[in-house]
Amino acid sequence: MAQARLSIDLSALCANWHALRDMGRAEAGAVVKADAYGLGAPRVSQALAEAGARRFFVAIAEEGAELRRVLGPGPEISVFSGHMEGDAALIRAAELTPMINSIDQMLRHVEALPGHPFGIQLDTGMNRLGMEAAEWRALREIALAQGPSLVMSHLACADEPDHAMNAHQLRVFEEMTSGIEAPRSLAATGGTLLGAAYHFDVTRPGIGLYGGLPYVDARPVASLLLPVIQVRDVAPGESVGYGNAWVARTPSRVATLNAGYADGIHRIMGPRAALWAGETRCRVLGRISMDSLAVDVTALDHDPEVMELLGRHQSVDTLAGWAGSIGYEILTSLGARYARVYTR
Ligand SMILES: *Cc1c(COP(=O)(O)O)cnc(C)c1O
């Protein structure tokens, strides 16, 4: 089989959720937007629901509607983009909870779906989503009278614990929500790690569930083995791949593996990337192609059948380092061509 296997360890996923939950007394939700960061929202969400998660968060109503089919009635599914034009039918049918971002969205929501649950998103300084202080002042009493399911905001710098923005946003959030009865939420993974002062009533971990930084102690969740299609000897002076970007200086043995930049192994990683055969690190040679890449297996005493890109030796954050990126982007780029296999 030439299809690569992306294994997703559901026990590790749930252990990460439990560990983040147990850092405080707040209820832990689960952020499963972007197909659960590329790992497959249906299976991931089912596992988290079985582990006890009752609030799920997605980015858009369409994701929420799919998730509802998987989870069935009961768990709350909140939509960060709020209530957009054209969303009303989906929000009603799938019983979604839009996180209202503006007065316009609030008007749209109460007009289209009077009495339907909603939450409120406040901007505390990130200037991305949510109502600013003046808007919130105008709407606050009317919105609170209808009992929002959640009042939330988002931290811009939570992955840098010493950043002054964290305490600033915490103070602004406390001011904007003082005295309200609705449950409050400020922390994603980074905010959860900042300590209980940031937890309020509900936390919203995403990346930490999937084994990525800033949750240093996370258990790895994704592992990826790439099948070797072909192995050949390359003589000194011969080149490998597009642009002749790598030329052998010594007699070499080169494996061609079945995954490339169309599968989320970005071309920019090439010069720093490596894969593992057992305990041997083997570097990537030359340019990464759309469907394949070349690896130096000269040091091995056998031709491997598969090689490890993600696993015991290197994490999504290792790959992020090669690409000048973050674990989030590596995970959400993992291609649709991989067979996602779930283990417990
Ligand atoms: C993506 C997102 C989260 C989850 O963030 P992580 O850093 O992955 O834990 C939480 N809240 C909001 C508003 C988000 O957009």
Side-chain angles (χ1 to χ4, degrees), residues 13 16-21 23-24 26-39 41 44-45 48 53 55-61 63-64 67 76-83 96-102 105 118-131 148-161 163 165-166 169-170 173 177 183-195 198-219 221-222 315-317 320 325-334:
L13 170 85
N16 290 335
W17 184 76
H18 281 129
L20 287 163
R21 183 195 63 182
M23 285 178 188
E27 175 187 347
V31 179
V32 295
K33 62 193 180 187
D35 200 25
Y37 292 39
L39 298 183
V44 162
S45 305
L48 291 168
R55 288 185 196 247
F56 292 83
F57 295 88
V58 293
I60 63 174
E63 290 179 322
L67 186 57
E76 187 172 277
I77 301 175
S78 298
V79 182
F80 289 139
S81 57
H83 189 142
L96 307 178
T97 306
M99 297 287 115
I100 300 295
N101 286 297
S102 63
Q105 285 202 346
F118 67 92
I120 297 281
Q121 190 157 193
L122 301 176
D123 179 59
T124 52
M126 188 175 183
N127 283 307
R128 186 176 72 166
L129 284 176
M131 290 183 221
S149 65
L150 195 67
V151 176
M152 60 167 280
S153 187
H154 193 55
L155 298 168
C157 305
D159 57 342
E160 297 174 60
H163 203 296
M165 186 68 167
N166 296 321
Q169 285 191 270
L170 175 61
F173 188 62
T177 62
R184 296 186 285 176
S185 176
L186 179 61
T189 301
T192 303
L193 298 169
L194 291 177
Y198 287 82
H199 293 185
F200 294 89
D201 302 297
V202 177
T203 57
R204 309 185 308 273
I207 191 72
L209 307 177
Y210 310 113
L213 291 175
Y215 185 22
V216 183
D217 297 327
R219 279 178 55 183
V221 171
S315 70
V316 290
D317 292 292
S325 182
I326 53 177
Y328 299 73
E329 196 182 26
I330 300 302
L331 277 173
T332 56
S333 303
L334 291 175

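Ligands are counted one by one from 1 in listed order, and the atoms in each one are counted from 1 as well.
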Locate the shortest heavy-atom distance separating Leu155 from Gln169; write the atom from each residue and the value. CA-OE1, 3.4 Å
Output all residues satisfying ring pair (Phe, Tyr, Trp, His ring centres under 6.0 Å) with Tyr198, sequence neighbours left out; order by chain, then residue number. none
Do Phe200 and Phe173 have ring centroids that are under 6.0 Å from one another? yes
Main chain of Phe80, side chain of Asn101: is a donor-acceptor contact present, judged purely on distance under 3.5 Å? yes
Listed partners of Arg21 passing salt bridge (Lys or Arg N to Asp or Glu O under 4.0 Å), at least two apart: none
Set of side-chain hydrogen bond (donor to acceptor under 3.5 Å, both in side chains) partners for Glu63, sequence neighbours left out: none
Near ligand 1 (heavy atom, under 4.0 angstrom), the protein residues are Val31, Lys33, Tyr37, Phe80, Arg128, Met152, His154, Ala188, Thr189, Arg204, Pro205, Gly206, Ile207, Tyr328
